[in-house]
Amino acid sequence: MACGRGPSAGTHALSDLTWTSAAGGWGPVERDRSNGEQAAGDGKTLTIGGTTYTKGLGTHAASTVTYYLGGTCTAFRASVGVDDEVGAKGSVDFQVYRDGTLATASGKVTGADAAKAISADVTGGYELKLVVTDSGDGVDYDHADWAAPQLTCT
């Protein structure tokens, strides 16, 4: 991305774009890997409900990842879930914000659930913020995957 501009026209894998900030609740946010543990690069293949994903973000509650959109993007979509590396444990809520306003949320997702598809209208937005919360029950085993996240821009 150029300074002051959002992503170029087209559909982009979010993990290929540069975030403006990223903070994980247990270790760093990982590109195209699961959260793993506290060290950078210690994650595995993103896997939700037995399905593997080559692209995505591996996080842990509570986490926030922010991207600059520059008003050029229209849609965000992803499959979300708790990574299989923690078994049926863990529970999180995925939230997508456009310019500080909640655009969509997954509701409670557990390690026993299959991936859940989410999408959000981000038309004209300047900031995309991806948030993972502990769904109100603590952060143990909350390895959260934004699998195959895509951003469509004009």
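Side chains are part of it too, since the values below use all heavy atoms of this structure and drop only hydrogens, waters and symmetry mates.
The pair Lys55-Asp32 meets the salt-bridge criterion, with a side-chain N (NZ, NE, NH1 or NH2) lying under 4.0 Å from an Asp/Glu carboxylate O.
The shortest heavy-atom contact between Thr154 and Ala9 is C-CB, 3.5 Å.
In this structure the side chain of Thr104 never reaches within 4.5 angstrom of the side chain of Phe76, judged on heavy atoms. The closest side-chain heavy-atom distance from Gln38 to Trp26 is below 4.5 Å. For the pair Lys129/Val131, a side-chain contact is recorded, criterion being any heavy-atom separation below 4.5 Å from C-beta on. Counting heavy atoms from C-beta outward, Leu14 and Val65 have side chains that stay 4.5 Å or more apart.
Glu127 is linked by a side chain to side chain donor-acceptor pair (under 3.5 Å) to nothing, counting only residues two or more places apart in sequence or in another chain. Under the ring pair (Phe, Tyr, Trp, His ring centres under 6.0 Å) criterion, Phe94 pairs with Trp146, not counting sequence neighbours.
Glu37 and Asn35 are not linked by any side-chain donor-acceptor pair at a separation below 3.5 angstrom, with hydrogens and angles left out of the test. Side-chain contact, Thr11 with Gln150: no donor N or O sits under 3.5 Å from an acceptor N or O. If you check the side chains of Thr123 and Asp121, you find a donor sitting under 3.5 Å from an acceptor.
Of the residues listed (Thr133, Thr110, Asp137), the one engaging Ser91 in a side-chain hydrogen bond (donor to acceptor under 3.5 Å, both in side chains) is Asp137, and it is the only one.
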